[in-house]
Participant: 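Just passing along the structure, written as structure tokens.
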Amino acid sequence: MIKDKIVTHVILTGGVGSRLWPLSRKSQPKQYLEIFEGKSLFEMTVDRNSHLASKVMVVGNVDNHHLSGKVMEKTDTNYVNIVEATPRNTAAAIAFAAFASDPEDILIVTPSDHIIDLMDNYNSSINEAILKANDGFIVTFGVIPTKPETGYGYIESKGDKVISFREKPNETTAKEFISKGNFLWNSGMFCFKAGVLLDELKQFQPEVYEKSKLVWESNKDGFLDLNSSIEIPSISIDYAVMERSKKIKVVPASFSWSDLGSFESVYEYLMLKGHAVDANGNMVIGCDIHTTFLGLKNTIFVHTNTANLILQKENSQDVKDIYSALEKQNSDLLN
């Protein structure tokens, strides 16, 4: 921690976790599900950063901010509440947090739905990033990959320099990235001075900057206006700033990390924590009723009160297609 510096942990809570349907719903997105030893991913995010930051901000939306509030009450955490009227992607969400801060404040921006282990490595990565941010850099965290994952974006790097950002690859490309040895998983975590980020946003995306500024300046107790929010272009911070700025540094991080974005990653995490699987690798999530799998291997049975999902572990990424199909039907099963 840098002496006399305000370090703020900004938690982004958007997203419904469509690849974890039917567990994850619009009324209870994945970051609030208390299926991780009685805690939610959101609560774990608050806990892990509580000693690294002097202040907490939560950027949420009208649908989920009450869920965040319950967790903050449970953990007895004071926080600045920013409530978006409509989702406008990460560039605007991060801009709101920066506008709510002094220009010299250092912000650590993290999603609310990640699992992180090897905490000593995590803490040292955060502290390294704070030092670079204090020197005027915008820092992204690149996780050293453990396998050719197709569900993550990648950062091509040399030391702490970013050569390029890459979209989620197919399996062949992911294997090429791993074999080259200088590709990192893009964690979606950042660290920077509020003023530095806003200066870069103003340079590269002036419309996002100006319209986010107007929306923030008219906020009422952190609640943002719908009509003016709709005017903000919806663009990710990666496209808006990270892929264009000359001030980017990457911290290659050796902590254990997963965005738990699919049932395959949930399966792997629960396995590590001793969750039951049968002799053929089949797992039940969401109920204690005795379930027998016959002639099946590596199958996940997901139970909820209104919908069940049975899938091959390897098909986890395709759950989002089911979600999309239900969305087109305007189905109550998403609520």
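Below, all heavy atoms of this structure are taken into account, side chains as well, without hydrogens, waters or symmetry copies. Please read these numbers as outputs of a predicted model, since none were measured by experiment.
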Participant: Quick check: is Leu12 connected to Val7 through a chain of hydrophobic side chains (ILVMFWY, heavy atoms under 4.5 Å apart)?
Facilitator: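 Shared cluster, no.
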Participant: Does Ile94 share a hydrophobic cluster with Ile232, counting links as ILVMFWY side-chain heavy atoms below 4.5 Å and allowing steps through other members?
Facilitator: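 Yes: a chain of side-chain contacts under 4.5 Å links Ile94 to Ile232.
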Participant: Under 6.0 Å between ring centres: does that hold for Phe99 and Tyr209?
Facilitator: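 Yes, ring centres under 6.0 Å apart.
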Participant: How far apart are the closest heavy atoms of Ser212 and Phe96, and which atoms are they?
Facilitator: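 Closest heavy-atom pair between Ser212 and Phe96: O-CE2, 3.5 Å.
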Participant: Heavy-atom distance under 4.5 Å between the side chains of Ile115 and Met44, does that happen here?
Facilitator: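 They are in contact (side-chain heavy atoms under 4.5 Å apart), so the answer is yes.
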Participant: Heavy-atom distance under 4.5 Å between the side chains of Glu128 and Lys249, does that happen here?
Facilitator: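 Glu128 vs Lys249: side chains apart.
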Participant: With distance as the sole test, does Lys158 use its side chain to make a donor-acceptor pair with the main-chain N or O of Asn182 at under 3.5 Å?
Facilitator: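 No, the answer is negative, given that no donor and acceptor are paired below the 3.5 Å cut-off.
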Participant: Examine distances only and state if a side-chain atom of Arg25 and a backbone atom of Leu333 form a donor-acceptor pair shorter than 3.5 Å.
Facilitator: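 Yes, Arg25 side chain to Leu333 backbone: donor-acceptor pair under 3.5 Å.
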Participant: As a quick check of understanding, evaluate side chain to side chain donor-acceptor pair (under 3.5 Å) for Ser124 and Asn127, giving each step before the final call.
Facilitator: CA-CA 5 Å; Ser124 64; Asn127 288 324; over 6 Å; no
Participant: I need the Thr304 OG1 to Gln28 CD distance, nearest 0.5 Å.
Facilitator: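 It comes to 12.0 Å.
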Participant: Is the backbone N or O of Glu268 less than 3.5 Å from a side-chain atom of His275, with the two atoms forming a donor-acceptor pair by type?
Facilitator: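 Pair absent, no side-chain N/O of His275 close to backbone of Glu268.
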Participant: Do the non-hydrogen side-chain atoms of Leu33 and Leu41 ever get within less than 4.5 Å of each other?
Facilitator: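 Side-chain contact under 4.5 Å: no.
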Participant: Give me the atom names and distance for the closest heavy-atom approach of Arg48 to Leu52.
Facilitator: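 Closest pair (atom of Arg48, atom of Leu52, distance): O-CD1, 4.0 Å.
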Participant: Is a side-chain N or O of Tyr267 found less than 3.5 angstrom from the main chain of Ser262, in a donor-acceptor match?
Facilitator: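 It does not hold such a pair.
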Participant: State, to 0.1 Å, how close Thr291 and Ile289 come at their nearest heavy-atom pair, and which atoms those are.
Facilitator: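 Heavy atoms of Thr291 and Ile289 come nearest at OG1-O, 3.0 Å.
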Participant: Taking Ile235 as the starting point, is it possible to reach Val10 by hopping between hydrophobic residues whose side chains are less than 4.5 Å apart?
Facilitator: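 Yes.
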Participant: Taking all atoms of both residues into account, what is the closest heavy-atom pair of Ser229 and Leu224, and its distance?
Facilitator: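 What the structure gives for the nearest pair is OG-CB, 4.1 Å.
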Participant: Does the side chain to side chain donor-acceptor pair (under 3.5 Å) test come out yes or no for His9 and Thr110, once each step is laid out?
Facilitator: CA-CA 8 Å; His9 177 210; Thr110 75; 2.9 Å; yes
Participant: Any non-hydrogen side-chain atom of Asn134 less than 4.5 Å from a side-chain atom of Lys193?
Facilitator: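 Answer yes - side chains close enough.
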Participant: Tell me if the CG atom of Asn305 is crowded by more than 12 foreign heavy atoms within 6.0 Å.
Facilitator: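 At most 12 heavy atoms, drawn from other residues, nucleotides or ligands, come within 6.0 Å of this atom.
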Participant: Charged N to carboxylate O under 4.0 angstrom, Glu217 versus Lys213?
Facilitator: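 Salt bridge: yes.
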Participant: Do we see a donor-acceptor contact under 3.5 Å between the side chains of Ser68 and Tyr32?
Facilitator: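 Present: a donor and an acceptor within the cut-off.
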Participant: Mind checking the CG-CG spacing from Leu326 to Leu334? Nearest 0.5 Å is all I need.
Facilitator: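 If we round to the nearest 0.5 Å, Leu326:CG and Leu334:CG are 5.0 Å apart.
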Participant: So which heavy atom on Asn219 is nearest to which on Asp221, and how close?
Facilitator: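 Minimum heavy-atom separation between Asn219 and Asp221: OD1-N, 3.5 Å.
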Participant: Could you measure the distance from the CZ atom of Arg88 to the OG atom of Ser234? Nearest 0.5 Å is fine.
Facilitator: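 One finds 5.0 Å between CZ of Arg88 and OG of Ser234.
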Participant: Do Tyr152 and Trp185 have their ring centres less than 6.0 Å from each other?
Facilitator: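 Centroid distance Tyr152-Trp185: below 6.0 Å, so yes.
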Participant: Hey, can you tell me if Phe255 and Phe141 have their rings parallel, tilted or perpendicular (30° and 60° cut-offs)?
Facilitator: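 Geometry flag for Phe141 against Phe255: tilted rings.
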Participant: Determine whether Tyr269 and Ile285 fall in the same hydrophobic cluster, where Ile, Leu, Val, Met, Phe, Trp and Tyr are linked whenever their side-chain heavy atoms lie under 4.5 Å apart.
Facilitator: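 They do share one cluster, since a chain of ILVMFWY contacts under 4.5 Å joins Tyr269 to Ile285.
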Participant: Within the supplied structure, the quantity of interest is the number of heavy atoms (other residues, nucleotides, ligands) at a distance under 6.0 Å from Glu314 CD; does it exceed 12?
Facilitator: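 Yes.
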Participant: What is the minimum heavy-atom distance between Phe204 and Ser245, and which atoms define it?
Facilitator: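 In this case the closest contact between Phe204 and Ser245 is CE1-CA, 3.6 Å.
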Participant: Walk me through whether Asp63 and Lys26 qualify under side chain to side chain contact (heavy atoms under 4.5 Å, CB included).
Facilitator: CA-CA 8 Å; Asp63 295 326; Lys26 287 176 180 175; over 6 Å; no
Participant: Quick one: pull up SG in Cys191 and NZ in Lys132 and give me the separation to the nearest 0.5 Å.
Facilitator: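 Between Cys191 SG and Lys132 NZ, I get 11.0 Å after rounding to 0.5 Å.
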Participant: Against Pro22, only a single residue in Val319, Leu309, Ile322 fulfils side chain to side chain contact (heavy atoms under 4.5 Å, CB included); can you say which?
Facilitator: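 So the option named by the test is Leu309.
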Participant: Is Asp160 reaching over with its side chain to a backbone N or O of Val250, donor-acceptor style, under 3.5 angstrom?
Facilitator: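 Checked: no pair found.
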Participant: Are any non-hydrogen side-chain atoms of Asn49 and Tyr122 less than 4.5 angstrom apart?
Facilitator: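 When only atoms from C-beta onward are counted, Tyr122 and Asn49 do touch, with a gap below 4.5 Å.
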Participant: Ignoring hydrogens and angles, tell me if any N or O in the side chain of Thr13 forms a donor-acceptor pair with the backbone of Ser112 under 3.5 Å.
Facilitator: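 No, the answer is negative, given that no donor and acceptor are paired below the 3.5 Å cut-off.
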Participant: Counting heavy atoms not belonging to Lys74, are there more than 12 under 6.0 Å from its NZ?
Facilitator: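 Count over threshold, so yes.
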Participant: Given side chains that start at C-beta, do those of Phe183 and Glu176 come closer than 4.5 Å, heavy atoms only?
Facilitator: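 No, side chains not in contact.
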Participant: State, with a plain yes or no, whether a side-chain heavy atom of Asp225 is found less than 4.5 Å away from one of Val215.
Facilitator: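 When only atoms from C-beta onward are counted, Val215 and Asp225 do not touch, as no gap falls below 4.5 Å.
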Participant: Hey, mind stepping through Glu264 and Glu149 against side chain to side chain contact (heavy atoms under 4.5 Å, CB included) and telling me if it holds?
Facilitator: CA-CA 11 Å; Glu264 183 168 18; Glu149 173 64 60; over 6 Å; no
Participant: Drop me the distance from Ile116's CD1 to Asn121's CG, to the nearest 0.5 angstrom.
Facilitator: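 Answer for the CD1-CG pair, Ile116 versus Asn121, is 11.5 Å.
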Participant: Between Thr299 and Gln312, is there a side-chain heavy-atom distance shorter than 4.5 Å?
Facilitator: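 Yes; the side chains approach each other to less than 4.5 Å.
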Participant: Using only atom types and a distance under 3.5 Å, with no angle test, would you say the side chain of Ser18 pairs donor to acceptor with the backbone of Tyr323?
Facilitator: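 No, Ser18 side chain to Tyr323 backbone: no donor-acceptor pair under 3.5 Å.
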Participant: Show, in sequence, the C-alpha distance, side-chain angles and deciding distance for Val139 and Phe192, and conclude whether the side chain to side chain contact (heavy atoms under 4.5 Å, CB included) test is met.
Facilitator: CA-CA 6 Å; Val139 184; Phe192 46 76; over 6 Å; no
Participant: Please tell me whether Leu198 and Ile106 are part of a single hydrophobic cluster in this structure, the criterion being side-chain heavy atoms less than 4.5 Å apart.
Facilitator: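 Unlinked, Leu198 and Ile106 end up in two clusters.
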Participant: Taking Asn282 for the side chain and Leu296 for the main chain, is one N or O donor matched with an acceptor at less than 3.5 Å?
Facilitator: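 Yes, the answer is positive, given that a donor and an acceptor are paired below the 3.5 Å cut-off.
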Participant: Treating Asn170 as the side-chain partner and Thr172 as the backbone partner, does any N or O pair qualify as donor plus acceptor under 3.5 Å?
Facilitator: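 Yes, Asn170 side chain to Thr172 backbone: donor-acceptor pair under 3.5 Å.
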Participant: Within a radius of less than 6.0 Å around OH of Tyr239, do more than 12 heavy atoms belonging to other residues, nucleotides or ligands occur?
Facilitator: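 12 or below, so no.
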Participant: I'd like to know if the side chain of Ser24 reaches the main chain of Lys30, judged simply by a donor and an acceptor atom lying under 3.5 Å from each other, with no hydrogens or angles considered.
Facilitator: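 Pair found, side chain donor or acceptor close to backbone of Lys30.
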Participant: Rounded to the nearest 0.5 Å, how far apart are OG1 of Thr75 and CD of Glu43?
Facilitator: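 Output value for this atom pair is 6.5 Å.
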Participant: Checking Met72 against Asn81 for the side chain to side chain contact (heavy atoms under 4.5 Å, CB included) test, could you report, in this order, the C-alpha distance in whole Å, the side-chain angles of both residues, the deciding distance, and whether it holds?
Facilitator: CA-CA 10 Å; Met72 302 311 263; Asn81 193 24; over 6 Å; no
Participant: Is the shortest side-chain N to carboxylate O distance from Asp47 to Lys39 below 4.0 Å?
Facilitator: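 Salt bridge between Asp47 and Lys39, a charged N being under 4.0 Å from a carboxylate O: yes.
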